[in-house]
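Letters go in sequence order (proteins before strands), and every chain restarts at 1. The shown structure was predicted, so the numbers you read here are calculated from the model rather than taken from an experiment.
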Protein chains: 2
Amino acid sequence: METYAYLESPEPQEAARFVNTYKRRGIVVVYGLCEVSYEGRAAARLEPMYRLIIIKRDGTLLVHESEKREPRIWNPPPSSNVALVIDGTLVIKSVRSRPLETVIVRIPIVSFAAFFPASSAPYRVHGTEKDMVRFLASNVGLIEEGATLVGVEVPTAVGSVDLLLRGMGGELIVVEVKRDLAGPEAVHQLKRYVEFFASKGEKVRGVLASPDISASAYKYLKEYGLEYRRLSPKQVFTA
Amino acid sequence: METYAYLESPEPQEAARFVNTYKRRGIVVVYGLCEVSYEGRAAARLEPMYRLIIIKRDGTLLVHESEKREPRIWNPPPSSNVALVIDGTLVIKSVRSRPLETVIVRIPIVSFAAFFPASSAPYRVHGTEKDMVRFLASNVGLIEEGATLVGVEVPTAVGSVDLLLRGMGGELIVVEVKRDLAGPEAVHQLKRYVEFFASKGEKVRGVLASPDISASAYKYLKEYGLEYRRLSPKQVFTA
DNA sequence: GTTTGAATATCGTTC
DNA sequence: GAACGATGTTCAAAC
């Protein structure tokens, strides 16, 4: 396997060649004093400061400061990143085509540059909303004793219903699932589905299933005559 | 200013000391063969592979692969990150308290470890939704000829209205602003506000202002008797 | 290619 | 500290 490589305090020309050589092979890291400008969907500008710049082989560009999970400036893949020397300073230019977004990193002092071979692999996260829906589809009793499954991700004119059941009284039960604290938006979403089926002349109830619900969301829920079932992703994950 | 530091193929003990020494001072980068597990709001596990691990002084932990803007595994600030040696291998353990989330990175082969002094500074992005709202508040004519400003970010029982105007006919005009393509959710949001004021006995119209609108969103808009004004952040940014 | 909605969303602001 | 909504959201699945 190819090994890593690095340069200490390289000349701009040398640094540019290094970046261009390795940028398509793995992860390139550049550390130095830089000023950054971004223009695209919005615009921003960062004053000169020492930062960490990361270039990935798929065209990702990240400019990280010493705090926060998020890069301060970035270009998502697929972007076109090129290193060049302008007026004796290293410049990394990143262009995303659609939408057109440009990031320009001027690095008057390049302290360190490194290349790290790395790869990427498929993975899976457990405990997503999809997992919860799947679980509930096989355990509809958790929502309503004696109910039967009508469908999962059922498309309607006002959006896709997470779970659709039929209760013992013959009524439709629309279920909206959230994997986290449910807010007002979730209740309004559920209300739309219920109103849709009601307008079709169906007898229908609405149930919100989530690990928790905010006070204001609960107020709406009651106001609209909807129901709540507490259910956490943990229950799903361990099932 | 403190300078950078690095280790090549360090012993686990040495690497652990390095990480713990520098983790609160700036950005620490570790490159090596690692397997990663995460458990918290959800759960995931990454098989052994060469990856880039980043630790920031605010407790951020990022595990990056060679593609995508997003880290594969992470813990956001403020988390508590500690390096230790278990059974002769470097382990970085990250714990976030609320909610409780744990990331464990086992690194049997540490190829490279580096510390980069860096800082963090306030910054500003231009062309946000807030910018658009501010601009429209000073140029209500772009929404409705002859209208007057009633308020900005006006709180209601169903949420906060971006912009509230009064038309020449004495009617209220509720304006929902989006800085990007408006989808169905934006239309439903607007509809809620309009219904709220209508229920108060107000004569009211609803206007959605955005650079573009999806086909299905437009269908809802028309169906609900709402209006559309095309307006891009660029117009704001250059104003 | 476009649209749609989830996300371990993260993050700032407000209450 | 909780909650609410924007984000240059990003991302993947559905169409």
Within this structure, what is the [atom1]-to-[atom2] distance between [X] and [N], rounded to whole angstrom?
X: A:Glu153; N: C:dG5; atom1: CD; atom2: P; result: 10 Å
X: B:Leu61; N: C:dT8; atom1: CG; atom2: P; result: 16 Å
X: B:Asp180; N: C:dT3; atom1: CG; atom2: P; result: 11 Å
X: A:Glu185; N: C:dG5; atom1: CD; atom2: C1'; result: 12 Å
X: B:Ile73; N: C:dA7; atom1: CD1; atom2: P; result: 15 Å
X: A:Arg72; N: C:dC11; atom1: CZ; atom2: P; result: 10 Å
X: A:Leu181; N: C:dT10; atom1: CG; atom2: P; result: 14 Å
X: A:Trp74; N: C:dT10; atom1: CH2; atom2: P; result: 15 Å

Give a yes-or-no answer on whether the side chains of B:His188 and A:Arg192 include a donor-acceptor pair shorter than 3.5 Å.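 Yes, because at least one side-chain N or O of B:His188 sits under 3.5 Å from a partner of the opposite role on A:Arg192.
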Would you please say whether a donor-acceptor pair under 3.5 Å links the side chains of A:Ser210 and A:Tyr228? yes
Let me spell it out: for each of B:Gly40 and A:Ser160, pick the nucleotide of DNA chain C with the closest heavy atom. Which residue's pick is nearer the 5' end?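 Taking each residue's closest nucleotide, the earlier one in sequence belongs to A:Ser160.
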Nearest-nucleotide wise, let me know which of B:Ala44 and A:Gly159 is further upstream toward the 5' end of DNA chain C. A:Gly159
Checking the side chain of [X] only, and the main-chain atoms of [Y] only, is there a donor and an acceptor separated by less than 3.5 Å?
X: A:Asp58; Y: A:Pro78; result: no
X: B:Arg229; Y: B:Ile143; result: yes
X: B:Arg57; Y: B:Pro117; result: no

Minimum-distance pair of heavy atoms, taken over all atoms of [X] and [Y]:
X: A:Leu208; Y: A:Lys178; value: CD1-CG, 4.5 Å
X: B:Val133; Y: B:Val152; value: CG1-CG1, 3.6 Å
X: B:Val103; Y: B:Trp74; value: CG2-O, 3.5 Å

Checking all strands, does [X] fall into the base, sugar-phosphate, or nothing category for heavy-atom contacts under 4.0 angstrom?
X: B:Pro76; value: sugar-phosphate
X: B:Pro184; value: sugar-phosphate
X: A:Ser216; value: sugar-phosphate
X: A:Asn75; value: base
X: A:Glu70; value: sugar-phosphate

When you match B:Lys68 and B:Arg98 each to their closest nucleotide on DNA chain D, which lands nearer the 5' end? B:Arg98
Residue mapping more 5' on DNA chain D - nearest nucleotide basis, A:Glu101 or A:Gly183: A:Gly183
Is it true that atom OH of A:Tyr218 has more than 12 heavy atoms of other residues, nucleotides or ligands lying nearer than 6.0 Å?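 No - once you tally the heavy atoms of other residues, nucleotides and ligands closer than 6.0 Å, there are 12 at most.
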Could you check whether atom NZ of B:Lys219 has more than 12 heavy atoms from other residues, nucleotides or ligands sitting under 6.0 Å from it?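 Yes, enclosed.
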Would you say B:Arg41 places a side-chain N or O within less than 4.0 Å of OP1 or OP2 belonging to C:dT10? yes
Under a cut-off of 3.5 Å for both distances of each Watson-Crick or G-U pair, what dot-bracket string does DNA chain D give, using [ ] for crossing pairs and | for inter-strand pairs? |||||||.|||||||
Going 5' to 3' along DNA chain D, between which two nucleotides do contacts with chain B fall, using a heavy-atom cut-off of 4.0 Å? D:dA2 to D:dA12
Gap in Å between the two P atoms, one belonging to D:dG8 and one to D:dC4, rounded: 22 Å
